[in-house]
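All values reported here derive from a predicted model rather than from experimental measurement.
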Amino acid sequence: MLELGIGMFGDLQIDPKTGEIQSTQQRLQEIIEEIKLMDEVGLDFFGMGEHHRPDYAVASPEIILAAASTVTKNIKLGSAVSVLSSTDPVKLYQDFATVDLLSNGRAELMAGRGSFIESFPLFGYDLKDYSELFEEKLDLLLKINNQNPINWTGKFRKSLINQDVLPRAVDNHLPIWVAVGGTTSSVIRAGKLGLPVMFAIIGGAWEQFKPLFELYEQAYADNGHDISKFQVGVHMHAFFGESSQAIADQYYPVYSAQMNRIGASRGWPPYQRSQFDFGRSPHGHLIIGDANEAIEKILRVKEAFGLTRFSAHMDVGSPSHKEMMKAIELYGNKIVPKVREASKV
């Protein structure tokens with residue numbers, strides 16, 4: 001069965017005229033209300049991203065997830081992503097194991113290198129070690145998850161010698177996913193390790209990712225992993241409304257403003273309406289429109305890639321809380337049931 005959920009980065013609303021940034025306190029409280037609604041309308045999972053920038057509200061996803069665990073009953077609660085390269089895997093495991101205990105086994109951890117680099121100087125890491133840091137810390141995180149006590153030696157932290165890492169997750173195991181963009185080496189590594197992968201499709205035509213999905217599945221099978229446990233997902237920018245054109249016109253200024261804020265630091269040209277419109281087309285990377293359009297596109301991507309999970313990234317640019325709540329209701333009440341029904345066939 002295809003799992004359907006929502007990923008968020010905790011974008012803060014920024015007034016286009018004055019540049020005034022929404023209160024982080026207000027946005028955090030709104031996020032908890034939004035997660036509670038996701039649980040009530042029957043979504044399968046929620047993922048919260050980690051950022052250390054003035055336009056995002058959440059630096060520690062695990063704290064948000066711990067708070068959400070007290071107001072939800074069924075929804076899985078995970079990161080999307082935790083920037084593993086610039087954190088301590090021991091503390092990260094402990095934090096998510098705590099969320100797992102609070103939520104009665106609903107916590108997940110999604111590790112990634114992150115698309116922003118602010119955490120590296122903030123926590124004292126050198127960008128020249130970008131790849132090595134991730135590889136070593138992923139190795140340690142997986143060992144912690146699979147054994148206790150632990151003996152481990154690496155390059156970037158002191159060795160662990162017969163060390164207990166506590167508390168332990170429910171059933172002594174925490175689901176760990178890996179997030180990837182378009183890097184072939186990352187895809188192959190995840191396949192070799194037998195880890196579930198979330199592909200971030202945030203630009204261009206979604207079909208262009210097909211070779212990477214095939215490469216991942218081949219690496220997974222070639223390394224002897226149980227294909228019955230194979231899990232793969234996509235993370236795509238999305239937003240939903242009753243009228244396709246109305247929601248597109250309403251959301252475009254918010255979405256394009258955030259694309260331009262990010263693009264200014266990366267040397268991107270100004271974001272154009274033509275890019276947005278192509279993204280909303282059947283071949284584009286955006287799922288922004290009415291319920292029927294969303295259902296059709298999600299199912300098309302599912303069939304093409306053999307998905308087990310679909311994550312709608314729904315707060316790019318921070319639409320208002322009222323708009324977010326409406327979109328979540330539409331997703332849970334109209335889109336998810338139809339996708340689930342079609343997925344059974």
Side-chain angles (χ1 to χ4, degrees), residues 1-9 35 38 42-50 61 65 75-82 84 96 106-115 138 174-184 186-221 225-238 240 285-287 294-316 331-332 335-336 339-340 342-344:
M1 180 66 69
L2 178 67
E3 291 185 305
L4 296 119
I6 290 174
M8 290 164 52
F9 283 178
I35 301 170
M38 293 175 206
L43 298 188
D44 295 308
F45 68 91
F46 169 75
M48 185 79 249
E50 172 192 346
L65 302 176
I75 194 169
K76 295 178 183 179
L77 301 168
S79 53
V81 301
S82 295
L84 182 59
F96 276 85
R106 291 186 282 128
E108 302 180 333
L109 196 163
M110 186 180 297
R113 291 188 286 189
S115 60
L138 180 60
L174 188 68
I176 296 176
W177 286 66
V178 173
V180 301
T183 307
T184 300
S186 297
V187 171
I188 294 174
R189 177 175 57 233
K192 287 182 175 179
L193 293 170
L195 294 173
V197 165
M198 181 67 74
F199 286 84
I201 301 180
I202 55 175
W206 59 265
E207 292 103 329
Q208 67 188 1
F209 278 77
K210 181 68 171 178
L212 288 175
F213 277 83
E214 293 173 345
L215 188 63
Y216 168 62
E217 187 170 6
Q218 189 66 51
Y220 186 96
H225 300 296
D226 186 352
I227 200 67
S228 69
K229 297 180 180 179
F230 181 80
Q231 296 182 80
V232 65
V234 295
H235 160 108
M236 299 173 71
H237 291 172
F240 312 117
H285 64 286
L286 301 175
I287 304 185
I295 293 164
E296 183 179 349
K297 200 165 189 178
I298 292 170
L299 289 172
R300 186 181 296 120
V301 176
K302 172 192 176 293
E303 291 303 318
F305 295 149
L307 298 183
T308 63
R309 177 172 287 199
F310 172 80
S311 177
H313 183 176
M314 283 180 54
D315 68 338
V316 179
Y331 186 36
I335 298 170
V336 168
V339 173
R340 284 177 178 160
S343 297
K344 293 178 182 178

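Ring to ring, Phe230 and Tyr220 are close: their centroids are under 6.0 angstrom apart.
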Report the C-alpha separation of Tyr331 and Met38 in whole Å, then their side-chain angles, then the decisive distance to 0.1 Å, and conclude whether the side-chain contact (heavy atoms from CB on, under 4.5 Å) test is met. CA-CA 9 Å; Tyr331 186 36; Met38 293 175 206; over 6 Å; no
Between Leu193 and Leu138, is a side-chain contact (heavy atoms from CB on, under 4.5 Å) present by the stated rule, with each step listed? CA-CA 10 Å; Leu193 293 170; Leu138 180 60; 3.8 Å; yes
Determine, step by step, whether Met1 and Asp44 satisfy the side-chain contact (heavy atoms from CB on, under 4.5 Å) criterion, reporting the C-alpha distance in whole Å, the side-chain angles of both residues, the deciding distance to 0.1 Å, and the verdict. CA-CA 11 Å; Met1 180 66 69; Asp44 295 308; over 6 Å; no
Steps toward side-chain contact (heavy atoms from CB on, under 4.5 Å) verdict (Phe199, Leu307): CA-CA 10 Å; Phe199 286 84; Leu307 298 183; over 6 Å; no
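Listed for the Lys297 side chain is a donor-acceptor partner under 3.5 Å among the backbone atoms of Leu286. No side-chain donor-acceptor contact under 3.5 Å links His237 to the backbone of His313. With hydrogens and angles disregarded, no donor-acceptor distance shorter than 3.5 Å links the side chain of Arg106 to the backbone of Leu77. With hydrogens and angles disregarded, a donor-acceptor distance shorter than 3.5 Å links the side chain of Thr308 to the backbone of Val232.
Here the shortest heavy-atom pairing between Ser186 and Val180 reads CB-CG1, 3.8 Å. Of all the heavy atoms in Val178 and Leu195, the pair that sits closest is CG2-CD1, 3.4 Å. Between Ala190 and Tyr216, the shortest heavy-atom contact is C-CE1, 3.9 Å. Contact record, Val197 with Trp177: O-CZ3, 3.4 Å, taken as the closest heavy-atom pair. Closest non-hydrogen pair, Ser79 versus Leu65, comes out as N-CD1, 3.9 Å. The two atoms that bring Met198 and Ser311 nearest to each other are CE-CB, 4.1 Å, heavy atoms only.
Of the inter-residue distances, the one linking Lys76 atom NZ with Glu3 atom CD reads 3.5 Å to the nearest 0.5 angstrom. One distance of note links CD1 of Ile201 with NE2 of His285; it measures 10.0 Å at 0.5 Å rounding. Interatomic distance, Thr183 OG1 to Ile188 CD1, rounded to the nearest 0.5 Å: 11.0 Å. Taken from CZ in Phe46 to CD1 in Ile6, the straight-line distance is 8.0 Å, to the nearest 0.5 Å. In this structure, CE in Met110 is found 13.5 Å from CD in Glu50, a value given to the nearest 0.5 Å. To the nearest 0.5 Å, atoms CE (Met236) and CH2 (Trp206) are separated by 7.5 Å.
Ile335 places none of its side-chain heavy atoms less than 4.5 Å from the side chain of Leu4. You'll find the side chain of Phe209 stays beyond 4.5 Å of the side chain of Val187, heavy atoms only.
Relative orientation of the His235 and Phe9 rings is parallel, given thresholds of 30° and 60° on the angle between their planes.
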